[in-house]
J.: 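There's a structure below that I have some questions on.
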There are 2 protein chains.
Amino acid sequence: MKEGPDIAQIGALIGDPARANMLTALMSGKALTVSELAQEAGVGLSTASSHLTKLQDGGLLSQAKQGRHRYFTLAGPEVGEVLEALMGLAAHQGHLRTRTGPKDPALRAARVCYDHLAGDMAVRIFDSLSQRDFLSLDTHTSSLALTHEGENFVEKLGIDLEPLKKGRRPVCRSCLDWSERRNHLAGALGAALLTRFQDLGWARREKASRIVQISPAGQQELLKVFPVA
Amino acid sequence: MKEGPDIAQIGALIGDPARANMLTALMSGKALTVSELAQEAGVGLSTASSHLTKLQDGGLLSQAKQGRHRYFTLAGPEVGEVLEALMGLAAHQGHLRTRTGPKDPALRAARVCYDHLAGDMAVRIFDSLSQRDFLSLDTHTSSLALTHEGENFVEKLGIDLEPLKKGRRPVCRSCLDWSERRNHLAGALGAALLTRFQDLGWARREKASRIVQISPAGQQELLKVFPVA
DNA sequence: CAAATGCTTCGACTAGGAACGAAGTATGAA
DNA sequence: TTCATACTTCGTTCCTAGTCGAAGCATTTG
């Protein structure tokens, strides 16, 4: 009854286990179909459909029709940020679902966070970039930016910065990782780096999961390209 | 059924309107009693009690018994951060409860965010500090810090930095404002600044609300002390 | 065209949980 | 001790919202 935005509605949307599963599945950044999400959430098809319309009406998801499929994605980066924040809080409270399956080590090593790399390797990359003064903070807008040296470095990796700068999405953003509780690089550059690693054959995304496989050669290269003190 | 922390539980806790109202009320940083929160949420006393135990069991609130009162506060800064993130998302979607009462202008001008100043004036302070290079970012930990000039400046304002540095809470943190969508200063220093302004008689917190009243003299002083280009 | 796939809508069922009031417990004041 | 305040616990009512299966659309494939 007071001031402020309506938190409860969004909370209720995230509050249902089935929907929460769907949202975490979509943190992979991949667009998923209704049936995939139904399976992910462990719920019937009709149920999933109803959940998805609710999530969309609530502004958390966007849909894209393609043929006889309906693909869903998180509506925007803000949604991913809220989810990461929630995961951080939940993890911090030890409310971790310690389902220590075989996937967990791989998840911790390297995985996808919305659309950029997360996990051990991502944290290492962030550390390496900042240790070498390739990143700086504009305290005014409090947004992260590449230094001139950083720009040179990134372009030598084969990434064209011009299109990234033109987009309305910030080039650099830091993103707090729930497994590491450390920062890694998000934003347009974070996404571009992951794409580039895939093009180079250093990394490969497992389909229908958040795991990123790093090839032995890629591992070697990454350690060389991103040294830490 | 997958990897990751249990988001749904927390979401469900925030998802109930009564509980959401309580949480937003507690964003003021003040400790509130059961009866106060009941009224804030527009709900009976017994109902409030049950909600509060749930919030506490869920790790979102801490309680402090004092005499025959039971005071509740947000369990920690992370909780406040999640709430701010949610408010940001909700506001961004236009799900604002546009209850444009007389309070709103005051809320926008200056209010309390968990335990530090937010609103127009807080954003101005942050801008002023960063324009004068009093703030810098350690890109490694991605934590905000005071420069040497900044430390001098703050101590001249009458704030003793030593105790702040010793605490486990970060001295500087930036906090994104849902009304401004700009950054303002949080962390131990943010809290200390607000306290200092109150000691100087520049600001006064309205009880049982998030509004901070800035006195005419305080307004003048603040504009002088925190100039912006 | 028909058959198959992907998804939505409808209807019925059920469970969980939010609400309240009344009675019970604990702390403080007279 | 007695009364009042602050809160909790219990029992009941009620309603929302999640679930499924069956049937209906829509689109692609054969």
Side-chain angles (χ1 to χ4, degrees), chain A residues 1-2 6-26 30-73 95 207-208, chain B residues 1-2 6-26 30-73 95 207-208:
Chain A
M1 312 306 195
K2 288 279 135 56
D6 190 5
I7 266 188
Q9 202 200 5
I10 301 182
L13 283 174
I14 305 178
D16 179 82
R19 285 193 291 259
N21 284 335
M22 293 176 173
L23 289 170
T24 33
L26 287 169
K30 286 196 175 179
L32 298 177
T33 67
V34 180
S35 355
E36 288 169 324
L37 287 166
Q39 189 167 11
E40 198 74 32
V43 95
L45 193 56
S46 60
T47 311
S49 178
S50 123
H51 280 309
L52 288 168
T53 49
K54 279 175 195 170
L55 285 171
Q56 194 182 350
D57 291 348
L60 298 189
L61 296 185
S62 325
Q63 66 158 327
K65 253 190 173 168
Q66 216 176 89
R68 56 182 162 186
H69 293 272
R70 259 181 83 186
Y71 290 97
F72 283 90
T73 37
H95 277 271
K207 74 173 184 178
Chain B
M1 313 302 197
K2 289 281 134 56
D6 190 3
I7 266 190
Q9 203 200 2
I10 301 181
L13 282 175
I14 307 178
D16 179 80
R19 286 194 290 259
N21 283 336
M22 293 175 173
L23 289 169
T24 31
L26 287 169
K30 288 195 174 178
L32 298 178
T33 67
V34 179
S35 355
E36 286 169 325
L37 286 166
Q39 188 168 11
E40 197 73 33
V43 95
L45 192 57
S46 60
T47 311
S49 178
S50 125
H51 281 307
L52 288 168
T53 50
K54 280 176 194 169
L55 285 171
Q56 193 183 351
D57 290 349
L60 298 189
L61 296 186
S62 326
Q63 65 158 327
K65 254 189 174 165
Q66 217 176 87
R68 55 181 162 186
H69 294 272
R70 261 181 81 188
Y71 289 97
F72 283 90
T73 38
H95 276 272
K207 73 173 185 179

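Letters A, B, ... mirror the listed sequences (proteins, then strands); counts begin at 1.
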J.: Please encode protein proximity along nucleotides 11-25 of chain D as a string of B, S and -, counting only heavy-atom distances under 4.0 Å.
T.: -------SSBB----
J.: Nearest whole angstrom, please: distance from the C1' of C/dA18 to the CG of B/N21.
T.: 14 Å
J.: Which one of A/L52, A/L13, A/T73 satisfies the side chain to side chain contact (heavy atoms under 4.5 Å, CB included) criterion with A/L61?
T.: A/L52
J.: Listed by chain and number, what are the side chain to side chain contact (heavy atoms under 4.5 Å, CB included) partners of B/T33, not counting sequence neighbours?
T.: B/S35, B/E36, B/H69, B/Y71
J.: For B/S50, what residues pass the side chain to side chain contact (heavy atoms under 4.5 Å, CB included) criterion, not counting sequence neighbours?
T.: B/K54
J.: Can you pull every protein N or O that's under 3.5 Å from an N or O on nucleotides 23-29 of chain C?
T.:
none

J.: How close or far is atom P of C/dA19 from atom CG of B/L52, stated in whole angstroms?
T.: 12 Å
J.: For A/D57 and C/dT9, give me the distance from atom CG to atom P, rounded to whole Å.
T.: 10 Å
J.: Can you check the A/L55 CG to C/dC7 C1' distance for me, whole Å?
T.: 16 Å
J.: Quick one: side chain to side chain contact (heavy atoms under 4.5 Å, CB included) partners of B/T53, sequence neighbours excluded?
T.: none
J.: Rounded to whole angstrom units, what separation is found between the CD atom of A/Q63 and the P atom of D/dA26?
T.: 15 Å
J.: Once you apply a heavy-atom cut-off of 4.0 Å, does A/T53 come out as touching a base, just sugar-phosphate, or nothing?
T.: nothing
J.: Taking all heavy atoms of B/A41 and all of B/A18, pick out the closest pair and write down the distance.
T.: CB-O, 3.5 Å
J.: Name the residue from A/L55, A/N21, A/L37 that meets the side chain to side chain contact (heavy atoms under 4.5 Å, CB included) definition with A/L26.
T.: A/L37
J.: Considering all heavy atoms of both residues, which atom of B/A20 and which atom of B/I14 are nearest to each other, and what is their separation?
T.: CB-O, 3.5 Å
J.: Any chance you could measure A/F72, atom CZ, to A/M22, atom CE, to the nearest 0.5 Å?
T.: 9.0 Å
